[in-house]
Peer 1: 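Here you go, one structure.
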Amino acid sequence: MKKAMALHVVGFLVVLGFMQSQAALVPKTYNYEVKEANFTRLCKSKRILTVDGKFPGPTIYAHRGETLIVNVFNRGNLGITIHWHGVKQPRYPWSDGPEFITQCPIKPGGNFSQKIILSDEEGTLWWHAHSDWSRATVHGLIVIFPKIGRPYPFHKPDAEFPIILGEWFRQDVEAVLLDFMRTGGDPNSSDALTINGQPGDLYPCSATETTKFIVEHGKTYMLRMVNAAMNLFMFWAIGDHEVTIVGTDGAYTKPLKSDYVTISPGQTIDLLFKANQPIGRYYMAAKPYNSQPIISFDNTTTTAIIEYKGYKKSSSPPVFPHLPRVNDTSASVNFTGRLRSLASRAHPIDVPMKITKNLLFTVSINTLPCANNSCEGPRGLRLAASVNNITFGSPRISILDAYYGRITGVYGDDFPSFPPLFFNFTGTNLSASLQTPLNATEVKVLEFNDNVELVFQGTNLVAGIDHPMHLHGHSFYVVGWGFGNFNGHKDPLRYNLVDPPLQQTIAVPKNGWTAIRFKANNPGVWLMHCHLERHISWGMEAVFITKNGRRPGEAMLPPPPDMPPCT
């Protein structure tokens, strides 16, 4: 009897283990309904595009290496695409999301089941719309925990909070887009900055809705931060509190203590904050960083409140943090330049050493002719932007469809590896004749397993400014940066090849350069662009096609059956 019972228990455990393993194979599924909803900010109500009626949108939770399914239903009145920012999607660009690069927009009334394939990402990423300017309100976090049973590389925090930095426009954002693309000038600035969708109590009609975090003295909290703003770098800090950065862009970093953070549009940062100050109330605040004085921008400050449990109501205002000056370039680059990969045994890095493909890409603001010089750019011209003097021309079917289906006439494969014309890129009084770019739809083709070094070189054409460059389908190591023109003989001698940070979005400093390295081991079609939304609208983007390898598991996977149609 006992033997039979033991066999029964063993059999039950085997079956239970099988059921659990099978359950692990079933992807976690989310349903996202894109629809309009009413929101009130700054004393005024308006309808905005949302996911599930939420702003910011819902958070996705997963463990490292999982595969998810997100069923996107478009109940709005415009086409929409969703991008899973920082997810490499190995061999599966079909769900990456940028419109007319990897898919056509999901039409109103349509839907698309997007497969999200996580690989080595761990930490915080985010998702956002990747069509027109709809990402202003269609965005949310992706939280990727370690594999079940695996620890963080730091003491587990007592709790965690999302910190989503954004912008709020009183005007409809699609109207902002249409207006500046029609006039050829700069777009209207936002009217407020936000933390978790709320402007904070420095703005009118906002005090009662200010985001608040309740903390307990002595406890440690993880803050999962993204800069979801459309056009602004930001400085961020908490009054009288130091923070410790432990990750960025879905990869861990060596612990970095700081009393402020610089964060680029599109970038994520994980940081720890210990509630170790006297019981009270403290402001969390964010303001813009802008290195170009001739550009108009939203020079305001958003706030949230950190309130300790046990705080007794007082008439004293919360303690305000010290934030760098709005044009403090040193504060910006000094923060970013101190990031280092964890590079531990449990979290190793693999910096490409033997480079097989060298690339130098200039990133520039440009001008284009305008009839009767009637546009609102410099000298009556139309503002544009470029990579290696090419303003990207968007096709009407996706480049991925054309590549996979061998459809000709959609794109060319002659994107230059180096600038077509060398000049003093960061000099002053540059000839206006250098400002006119070529409009084209060209891609850069990479061989499978190419070891790529790409140097982004900022220029001073029209107006030098920082550029947050984002690469889809890959993480890259930031091995060097500097001001002025890149020197191919001297500057590589100062590269960090020991513990460079692993990122997908990196700021190219104003009139400077940034060098990255990555292995082209993800076959498919992948967008690279500036994450300042006005710059991508002007054409500061390029496309990589990584060819299939020759061995099993090195080829792009086939498309899903429900890809959104282009007609």
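All values below come from the heavy atoms of this structure, side chains included, with hydrogens, waters and symmetry mates left out.
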Peer 1: Using side-chain contact (heavy atoms from CB on, under 4.5 Å), reason through I69 and I116 one step at a time and then give a plain yes or no.
Peer 2: CA-CA 6 Å; I69 301 294; I116 315 305; over 6 Å; no

Peer 1: Decide if the gap between the ring center of Y477 and the ring center of F518 is smaller than 6.0 angstrom.
Peer 2: no

Peer 1: Side chains of Y152 and Y252: closer than 4.5 Å at any heavy-atom pair?
Peer 2: yes

Peer 1: Just by modelled atom types, is the V443 backbone N or O under 3.5 Å from a matching donor or acceptor in the D413 side chain?
Peer 2: no

Peer 1: Apply side-chain contact (heavy atoms from CB on, under 4.5 Å) to the pair Q114 and W94, showing each step before the final yes or no.
Peer 2: CA-CA 8 Å; Q114 296 187 245; W94 304 101; over 6 Å; no

Peer 1: P437 versus L368: any side-chain heavy-atom pair under 4.5 Å?
Peer 2: yes

Peer 1: Going by the angle between their ring planes, with limits at 30° and 60°, are H529 and H470 parallel, tilted or perpendicular?
Peer 2: perpendicular

Peer 1: Could you pull out the closest heavy-atom pair between S131 and G79, with the gap in Å?
Peer 2: OG-O, 3.8 Å

Peer 1: Side chains of W236 and T262 only: does a donor on one sit below 3.5 Å from an acceptor on the other?
Peer 2: no

Peer 1: Hey, what do you get for CD (E533) to CG (N231), rounding to the nearest 0.5 Å?
Peer 2: 7.0 Å

Peer 1: Sub-3.5 Å donor-acceptor pair from the side chain of T81 to the main-chain atoms of G97, do we have one?
Peer 2: yes

Peer 1: Please give me the minimum heavy-atom distance between V410 and I397, naming the atom from each residue.
Peer 2: CG2-CD1, 3.7 Å

Peer 1: Using every non-hydrogen atom in the two residues, find where P93 and T102 come nearest and quote the distance to one decimal.
Peer 2: O-CB, 3.4 Å

Peer 1: What I'd like to find out is whether the side chain of I545 reaches to under 4.5 Å of the side chain of Y411, using heavy atoms alone.
Peer 2: yes

Peer 1: So, S95 versus Q89: side-chain donor-acceptor pair below 3.5 Å or not?
Peer 2: no

Peer 1: Would you say R224's side chain and D270's backbone share a donor-acceptor pair under 3.5 angstrom?
Peer 2: no

Peer 1: Going through the distances and angles, do V479 and L497 end up as a side-chain contact (heavy atoms from CB on, under 4.5 Å)?
Peer 2: CA-CA 6 Å; V479 296; L497 302 177; 3.8 Å; yes

Peer 1: Can you confirm if the aromatic rings of H531 and H85 lie within a centre distance of less than 6.0 Å?
Peer 2: yes

Peer 1: Closest heavy-atom contact between N496 and D499?
Peer 2: ND2-OD1, 2.9 Å

Peer 1: Not counting sequence neighbours, which residues clear side chain to side chain contact (heavy atoms under 4.5 Å, CB included) with P509? List them please.
Peer 2: V333, D466, W481, F483, T514

Peer 1: Set out, in order, the CA-CA distance, both residues' side-chain angles and the distance that settles side-chain contact (heavy atoms from CB on, under 4.5 Å) for T194 and E167, then state yes or no.
Peer 2: CA-CA 6 Å; T194 58; E167 292 178 88; 5.9 Å; no

Peer 1: Just how far is it from atom CD1 of I399 to atom CD1 of I101, taken to the nearest 0.5 Å?
Peer 2: 4.5 Å

Peer 1: Mind checking what makes salt bridge (Lys or Arg N to Asp or Glu O under 4.0 Å) contact with K519, not counting sequence neighbours?
Peer 2: none

Peer 1: Just distance, no hydrogens or angles: give the donor-acceptor pairs under 3.5 Å from side chains in residues 48-56, sequence neighbours left out.
Peer 2:
| unit_1 | atom_1 | unit_2 | atom_2 | d |
| --- | --- | --- | --- | --- |
| T50 | OG1 | K35 | O | 2.9 |
| T50 | OG1 | G53 | N | 3.0 |
| D52 | OD1 | E33 | N | 2.9 |

Peer 1: Ignoring hydrogens and angles, tell me if any N or O in the side chain of N227 forms a donor-acceptor pair with the backbone of G266 under 3.5 Å.
Peer 2: no

Peer 1: Strictly by salt bridge (Lys or Arg N to Asp or Glu O under 4.0 Å), give each pair with a member in residues 112-123 just once, sequence neighbours left out.
Peer 2: R64-E122, K88-D120, K88-E121

Peer 1: Applying salt bridge (Lys or Arg N to Asp or Glu O under 4.0 Å), name anything that partners R494, two or more places apart in sequence or on another chain.
Peer 2: D491

Peer 1: Measuring from atom OG of S417 to atom CG of N358, what distance do you get when rounded to the nearest 0.5 angstrom?
Peer 2: 9.0 Å

Peer 1: For K254 and R340, indicate whether the former's side chain and the latter's backbone hold a donor-acceptor pair under 3.5 Å.
Peer 2: no

Peer 1: Identify the heavy atoms of F180 and S537 that sit nearest to each other, and give their distance.
Peer 2: CZ-CB, 3.8 Å

Peer 1: Taking NZ in K547 as the centre, count heavy atoms belonging to other residues, nucleotides or ligands within less than 6.0 Å. Is the count above 12?
Peer 2: no

Peer 1: Once you round to the nearest 0.5 Å, how far does CG of L339 lie from OG1 of T248?
Peer 2: 6.0 Å

Peer 1: Can you name the closest pair of heavy atoms from P565 and K107 and give their distance?
Peer 2: O-CE, 3.9 Å

Peer 1: Just checking, is any N or O donor in the side chain of N522 or T546 under 3.5 Å from an acceptor N or O on the other one?
Peer 2: no

Peer 1: How many angstroms lie between CH2 in W127 and OH in Y32, if you round to the nearest 0.5 Å?
Peer 2: 5.0 Å

Peer 1: Using 30° and 60° as the class limits, which term best fits the ring planes of W126 and H128: parallel, tilted or perpendicular?
Peer 2: tilted

Peer 1: With distance as the sole test, does D401 use its side chain to make a donor-acceptor pair with the main-chain N or O of C566 at under 3.5 Å?
Peer 2: no

Peer 1: Quick one: does any side-chain atom of D132 pair with a main-chain N or O of S134 as donor and acceptor, under 3.5 Å?
Peer 2: no

Peer 1: Kindly indicate whether the side chain of V72, heavy atoms from C-beta on, has any atom under 4.5 Å from the side chain of V34.
Peer 2: yes

Peer 1: Under 3.5 Å, is there a donor-acceptor pair linking the side chains of N451 and T356?
Peer 2: no

Peer 1: For residues 139-150, which side-chain N or O atoms pair as donor and acceptor with protein atoms under 3.5 Å away, sequence neighbours left out?
Peer 2:
| unit_1 | atom_1 | unit_2 | atom_2 | d |
| --- | --- | --- | --- | --- |
| H139 | ND1 | R135 | O | 2.9 |

Peer 1: Is any side-chain heavy atom of W84 closer than 4.5 Å to a side-chain heavy atom of D96?
Peer 2: no

Peer 1: Hey, could you give me the CG/CG distance between N366 and L438, rounded to the nearest 0.5 Å?
Peer 2: 11.0 Å

Peer 1: Should I80 and L78 count as side-chain neighbours, where that means a heavy-atom distance under 4.5 Å?
Peer 2: no

Peer 1: Taking C-beta and beyond as the side chain, do E174 and W133 meet within less than 4.5 Å on heavy atoms?
Peer 2: yes

Peer 1: Looking only at side-chain N and O atoms, does T505 offer a donor or acceptor that is under 3.5 Å from a partner on Q267?
Peer 2: no

Peer 1: Sub-3.5 Å donor-acceptor pair from the side chain of N388 to the main-chain atoms of I390, do we have one?
Peer 2: no

Peer 1: Given the side-chain rings of F425 and W513, with only the six-membered ring counted for Trp, is the space between their centroids under 6.0 Å?
Peer 2: no

Peer 1: Under 3.5 Å, is there a donor-acceptor pair between the side chain of S364 and the main chain of S386?
Peer 2: no

Peer 1: Could you tell me whether Y61 and Y30 have their ring centroids closer than 6.0 angstrom?
Peer 2: no

Peer 1: We want to know whether N31 and N71 form a side-chain donor-acceptor pair, criterion being a heavy-atom distance below 3.5 angstrom.
Peer 2: yes

Peer 1: Do H467 and I365 have side-chain heavy atoms sitting under 4.5 Å apart?
Peer 2: yes

Peer 1: Might you work through the ring pair (Phe, Tyr, Trp, His ring centres under 6.0 Å) test for F392 and F415, ending with a clear yes or no?
Peer 2: CA-CA 10 Å; F392 187 81; F415 190 90; 8.8 Å; no

Peer 1: Please answer whether the main-chain N or O of P500 pairs with a side-chain N or O of S341 as donor and acceptor at a distance below 3.5 Å.
Peer 2: yes

Peer 1: Can you confirm if the NZ or CZ of R396 lies within 45° of the ring axis of F100 and under 6.0 Å from the centre of its six-membered ring?
Peer 2: yes

